[in-house]
Amino acid sequence: MTTSGRAPTRVLLADDHALVRRGVRLILDAEPDLRVVAEAGDGAEAVALARTTEVDLAVLDVAMPRMTGLQAARELSRLRPGLRILILTMYDNEQYFFEALRAGAAGYVPKSVADRDLVEACRAAIRDESFIYPGAETTLIRNHLDRIRRGEPLPARTITDREEEILKLVAEGHSSKEIADILVISAKTVERHRSNLLRKLGMRDRLELTRYAIRVGLIEP
């Protein structure tokens, strides 16, 4: 129990790098009100653990094998509506912040400032508040206000969940047949989705799709 008499927040931590998980766990377990009770090496494992383990908060890396942090966040939001979610990322951009919110996350924290901001982000999430790390606030608010003045909507999601799955697998180097086998769809359907991705994103080939996947955090460089 914490000094306030309340049980610590139970955290599910997901990152495919064991060293990163160890570092994040040290940060969280050092706090009396936070306790890591489960660890996962990818998004699919995180979702499976959330089905069997009592957790209050999931801290998810973005670029993980099998299922990204965003994909896991969407699934966890459907599976456990009361579960709070935070995204850890190497990437810092406005589009990504709104993607995280759309996926059901309370916010995101760049790994570069995790030692400084992650604990407060966890506490904000448990209070059911959105967390914007301090370095991003000014830019996000300025851009948001500029859009309102210009009468523009917030950034729209460009691709569907299925297209995102296929984009990730293409960027990881899988062939159309391999992707079809993994997703249990036909190779023709994979090719159609790939064509749609190229058209929507204004790109020409796998290399450009891979660069885009890195830029938005689906895979790591």
Side-chain angles (χ1 to χ4, degrees), residues 1-91 96-97 99-133 161 164-165 168-169 172 182-183 217-220:
M1 302 287 283
T2 64
T3 53
S4 64
R6 298 172 62 180
T9 296
R10 297 163 296 188
V11 181
L12 164 61
L13 173 60
D15 194 296
D16 58 320
H17 294 101
L19 282 174
V20 173
R21 289 202 309 273
R22 190 176 307 157
V24 173
R25 182 167 196 150
L26 284 171
I27 292 170
L28 299 182
D29 282 350
E31 302 298 320
D33 57 332
L34 301 169
R35 180 179 301 154
V36 176
V37 297
E39 292 188 32
D42 60 53
E45 187 182 352
V47 171
L49 279 170
R51 293 178 184 273
T52 59
T53 310
E54 287 298 319
V55 292
D56 309 300
L57 170 69
V59 178
L60 310 172
D61 181 32
V62 173
M64 294 187 288
R66 295 204 292 169
M67 183 182 283
T68 69
L70 282 180
Q71 291 167 337
R74 294 185 197 113
E75 184 63 25
L76 288 170
S77 294
R78 288 190 287 265
L79 180 69
R80 297 274 303 275
L83 180 66
R84 304 292 187 259
I85 301 170
L86 281 174
I87 298 290
L88 274 177
T89 176
M90 291 173 58
Y91 307 91
Y96 196 77
F97 173 75
E99 286 288 347
L101 294 185
R102 285 191 190 95
Y108 78 100
V109 180
K111 290 182 179 180
S112 59
V113 295
D115 59 335
R116 185 190 72 200
D117 293 334
L118 182 57
V119 168
E120 181 51 40
C122 290
R123 290 170 178 157
I126 292 300
R127 294 193 301 268
D128 204 19
E129 298 173 3
S130 295
F131 180 81
I132 307 176
Y133 72 96
D161 288 355
E164 182 181 272
E165 286 180 314
K168 181 180 188 301
L169 292 167
E172 288 174 347
I182 291 168
L183 299 179
L218 287 177
I219 65 170
E220 291 183 347

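This structure is a prediction, so every number in the text was calculated from the model and none was measured.
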Exercise. Among all residues two or more places apart in sequence or in another chain, which pass the side-chain contact (heavy atoms from CB on, under 4.5 Å) test with Glu165?
Worked result: Gln71, Arg162, Leu183
Exercise. Is a side-chain N or O of Arg74 found less than 3.5 angstrom from the main chain of Asp161, in a donor-acceptor match?
Worked result: no
Problem set entry | Non-neighbouring partners of Ile182 that pass side-chain contact (heavy atoms from CB on, under 4.5 Å), sequence neighbours left out | Leu169, His174
For this session: Please list, chain by chain and in numerical order, all residues satisfying side-chain contact (heavy atoms from CB on, under 4.5 Å) with Ala121, sequence neighbours excluded.
Result: Leu86, Val109, Phe131
Exercise. Taking the side chain from Arg84 and the backbone from Gly82, do they hold a donor-acceptor pair closer than 3.5 Å?
Worked result: yes
For this session: Locate the shortest heavy-atom distance separating Ala106 from Ala125; write the atom from each residue and the value.
Result: CB-CB, 3.9 Å
For this session: Could you tell me whether the side chain of Leu76 reaches within less than 4.5 Å of the side chain of Ile85, counting heavy atoms only?
Result: yes
Exercise. Salt-bridged, Glu164 to Lys168, with N to O below 4.0 Å?
Worked result: no
Exercise. What is the distance from atom CG of Leu28 to atom CG of Leu118, rounded to the nearest 0.5 Å?
Worked result: 5.0 Å
Exercise. Which pairs with one or both residues in residues 40-59 pass side chain to side chain donor-acceptor pair (under 3.5 Å), sequence neighbours excluded?
Worked result: Arg10-Asp56, Asp42-Arg66
Problem set entry | By salt bridge (Lys or Arg N to Asp or Glu O under 4.0 Å) - contacts of Asp115 (at least two apart) | none
For this session: Kindly give the heavy-atom pair with the smallest separation between Ala105 and Ile87, and that separation in Å.
Result: CB-CG1, 3.8 Å
Exercise. For Leu83 and Leu57, which heavy atoms make the closest approach, and how far apart are they?
Worked result: CD1-N, 3.5 Å
For this session: Find the distance between CZ (Arg123) and OG1 (Thr9) and round it off to the nearest 0.5 Å.
Result: 9.0 Å
Exercise. Which heavy-atom pair separates Ser77 from Gly104 by the least distance, and what is that distance?
Worked result: OG-CA, 3.5 Å
For this session: Using side-chain contact (heavy atoms from CB on, under 4.5 Å) as the criterion, list what pairs up with Ala46, not counting sequence neighbours.
Result: Leu12, Ala14, Ala40, Leu60
For this session: Mind checking the CZ-CG spacing from Arg22 to Asp29? Nearest 0.5 Å is all I need.
Result: 13.0 Å
Exercise. Are Val47 and Leu79 close enough, and set up right, to give a side chain to side chain contact (heavy atoms under 4.5 Å, CB included), and what steps lead you there?
Worked result: CA-CA 8 Å; Val47 171; Leu79 180 69; 4.2 Å; yes
Exercise. Quick one: NZ on Lys111 to CG on Leu88, what's the gap to the nearest 0.5 Å?
Worked result: 6.5 Å
Problem set entry | Test side-chain hydrogen bond (donor to acceptor under 3.5 Å, both in side chains) applied to Glu39 - qualifying residues, sequence neighbours left out | Arg21, Arg25
Exercise. Who passes salt bridge (Lys or Arg N to Asp or Glu O under 4.0 Å) against Arg127, sequence neighbours left out?
Worked result: Glu120, Glu129
